[in-house]
There are 2 protein chains.
Amino acid sequence: MPVQLLTIKVSKGLYLRDPQESELGRRIIGEGVKLLDKLGFEGFTFKKLGTRIGSPEASIYRYFKNKRQFLQYITALYWGWIKFRIDMILRFHKGRKERIEALLSVLTEIGTDDPATPFVDEKLLCRVVMSQSKKVFPINKAEQEGGCTKEYRVLLRSIGDIILSINPKFKFPLALSSTLLSAAHEQIQYSTHFTSLTELKGRNSKKMLREFLKVLLAPALTQAKCHTK
Amino acid sequence: MPVQLLTIKVSKGLYLRDPQESELGRRIIGEGVKLLDKLGFEGFTFKKLGTRIGSPEASIYRYFKNKRQFLQYITALYWGWIKFRIDMILRFHKGRKERIEALLSVLTEIGTDDPATPFVDEKLLCRVVMSQSKKVFPINKAEQEGGCTKEYRVLLRSIGDIILSINPKFKFPLALSSTLLSAAHEQIQYSTHFTSLTELKGRNSKKMLREFLKVLLAPALTQAKCHTK
DNA sequence: TACTAAATAATAGTAATACTATCTTAAGCT
DNA sequence: AGCTTAAGATAGTATTACTATTATTTAGTA
């Protein structure tokens with residue numbers, strides 16, 4: 001029996017053959033992410049990826065029906081990965097304040113590579129998802145419930161539950177979760193590539209991001225003790 | 001002299017010939033937005049657009065060098081359009097509280113068509129930008145400063161200035177502006193297409209969105225009088 | 001050892017895409 | 001009438017996004 005690698009479960013509709021189960025599949029993911037990061041979704045082709053990994057494009061088509069599905073897959077993988085990190089960290093942080101700090105840590109540390117998943121570079125994966133993931137949100141209704149929203153929804157619920165565990169009366173846990181998540185990704189992207197779009201840049205950018213996210217979280221945590229008026 | 005239509009200025013690098021200056025150009029924008037909404041960026045081609053407006057694709061290539069640039073153009077147009085609305089409404093609202101309410105109104109009403117711009121349907125435009133705009137954020141450094149970030153940056157500054165006019169000590173006006181803007185778009189999209197991802201849905205979704213955005217804004221406005229601890 | 005099944009490699013082929021080029025016609029101005 | 005510019009008409013090309021077929025390798029098993 002071979003060493004069991006850490007795998008992240010992804011909905012069945014997002015692949016034809018599970019790429020995490022074979023060497024070729026893992027190479028497709030690993031190198032595919034690199035190539036997507038380099039070329040962007042438009043420039044990326046299975047042909048180029050095939051050349052890169054020394055396999056014909058037809059082999060890749062056996063794993064994913066097209067490159068759209070491929071991007072959906074790695075996006076789902078990414079959300080699953082973040083949820084995994086949140087679940088892990090929550091296992092060791094039971095106190096209310098502790099949980100908030102832990103959540104903030106995960107959010108500020110997205111986009112840092114983790115050696116636990118050897119076949120994919122999370123830093124690149126995060127970059128790709130940040131810049132490309134919107135391309136993947138289903139357009140037509142057929143794709144809508146079937147596809148890649150599932151792992152995103154599950155992630156939002158995890159974060160929402162943390163928020164509720166601090167303040168059970170807060171009315172918008174899901175909305176706040178997606179806002180936090182988007183804001184974290186957006187600000188990280190801006191801080192590295194579009195510095196004129198944010199104050200969170202330079203040496204202290206991570207610290208400031210954490211502070212900023214805490215500000216966003218604040219009203220949800222203060223149990224309506226504090227009013228603007 | 002013909003009637004002057006309302007036009008929104010867009011950076012020169014985002015087109016070859018200014019499409020707002022000719023009938024054909026305006027048709028390209030108007031119908032192009034409809035087609036993009038219908039087909040998504042991948043399915044959209046100048047050929048199909050040409051067929052739709054009864055012109056050869058070569059004519060469209062005289063306005064935009066490729067469809068990527070076209071999407072950049074309409075995204076910039078959209079940001080410019082929102083900034084215009086914000087500037088308009090601020091002209092008539094000078095008080096601090098009033099300004100906040102006005103800003104919230106604009107943010108909750110994005111995605112509503114405005115008859116002031118006859119050649120483009122803002123509702124569709126908003127939808128297209130929501131779902132496609134990330135495809136357009138420049139990947140390489142060459143595009144970065146030249147392109148479509150400009151109108152976005154200008155918009156962020158406008159919103160940031162409002163925030164600062166309420167609370168000059170707030171440290172992250174730009175970051176909060178982009179977060180508000182993204183959150184508004186994201187939640188509107190979820191409330192119509194992915195209702196399992198948000199609480200802001202159903203009959204009262206606009207009202208709730210406004211409330212939610214106000215919650216996000218709150219800490220910025222309370223002049224640090226109110227602490228979590 | 002041979003037999004079978006599955007995954008992959010190797011190769012070919014096709015309709016559509018994303019352009020570029022050129023040439024003609026029409027519209028507007030002086 | 002002559003000039004300029006925008007637009008129409010048409011053609012062509014390399015690449016893309018696939019599909020199909022056949023051959024080869026690999027692994028399990030009778």
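Below, chains carry the letters A, B, ... as their sequence lines are ordered, and counting in each starts from 1. Values reported hereafter were calculated over all heavy atoms of this structure, with side chains retained and with hydrogens, waters and symmetry mates removed.
- You'll find that the side chain of A/Pro56 is closest to C/dT11, out of C/dT11, D/dA17, D/dA7.
- Counting to the nearest Å, the P atom of D/dT5 and the CD atom of B/Glu21 are 15 Å from each other.
- Using cut-offs of 30° and 60° for the angle between ring planes, the B/Trp81 and B/Phe84 rings count as parallel.
- For D/dT16, the OP1/OP2 oxygens have a side-chain nitrogen or oxygen of A/Lys48 closer than 4.0 Å.
- Here D/dA7 presents its P atom at 12 Å from CG of B/Asp18, a figure rounded to the nearest Å.
- Across all strands, B/Lys47 comes closer than 4.0 Å to no nucleic acid atom at all (heavy-atom distances).
- Side-chain atoms of B/Ser22 lie closest to D/dA7 of the nucleotides C/dA7, D/dT10, D/dA7.
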Item to check | Residues B/Lys48, B/Glu57; criterion salt bridge (Lys or Arg N to Asp or Glu O under 4.0 Å); working and verdict | outcome: CA-CA 8 Å; B/Lys48 290 173 190 165; B/Glu57 55 178 338; over 6 Å; no
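- No side-chain heavy atom of B/Thr112 sits less than 4.5 Å from a side-chain heavy atom of B/Glu122.
- Residues B/Leu36 and B/Ile74 form a side-chain contact, since some pair of their non-hydrogen atoms from C-beta on lies under 4.5 Å apart.
- Mapping B/Leu24 and A/Asn66 onto DNA chain D via the closest heavy atom, the residue that lands nearer the 5' end is B/Leu24.
- Checking C/dA18, D/dA7, D/dA20 against every side-chain atom of B/Thr45, the shortest atom distance belongs to C/dA18.
- The phosphate of D/dG8 (OP1 or OP2) has a side-chain N or O of B/Ser55 nearer than 4.0 angstrom.
- Rounded to a whole Å, the CD1 atom of B/Ile28 is 13 Å from the C1' atom of D/dG8.
- Whole-Å rounding puts the A/Arg26 CZ to C/dT8 P distance at 11 Å.
- The distance from atom CG of A/Leu16 to atom C1' of D/dC18 is 13 Å, rounded to the nearest whole Å.
- Counting only heavy atoms from C-beta outward, the side chains of B/Tyr152 and B/Leu181 approach each other to under 4.5 Å.
- A/Phe64 comes within contact range of no nucleotide atom at all, as no heavy-atom separation falls under 4.0 Å.
- Annotation: of the two residues near DNA chain D, B/Glu23 and B/Glu57, the 5′-most nearest-nucleotide partner is B/Glu23.
- Counting heavy atoms from C-beta outward, B/Lys206 and B/Glu109 have side chains that approach closer than 4.5 Å.
- Taking only side-chain atoms of A/Arg17, from C-beta outward, the nucleotide of C/dT8, C/dA9, C/dA21 with the closest atom is C/dT8.
- Here the side chain of A/Arg62 is nearest to one of D/dG8, D/dA17, C/dA10, namely C/dA10.
- In this structure, of C/dA7, C/dA10, D/dA7, it is C/dA7 that holds the atom nearest to the side chain of A/Tyr63.
- For B/Phe46 and D/dG8, the CZ to C1' distance is 17 Å, given to the nearest whole Å.
- Closest to the A/Tyr61 side chain, of the nucleotides C/dT8, D/dA6, D/dT19, is D/dT19.
- Remark: P of C/dA18 and CG of B/Leu39 are 11 Å apart, rounded to the nearest angstrom.
- Atom CZ of B/Phe44 is separated from atom P of C/dC19 by 12 Å (rounded to the nearest Å).
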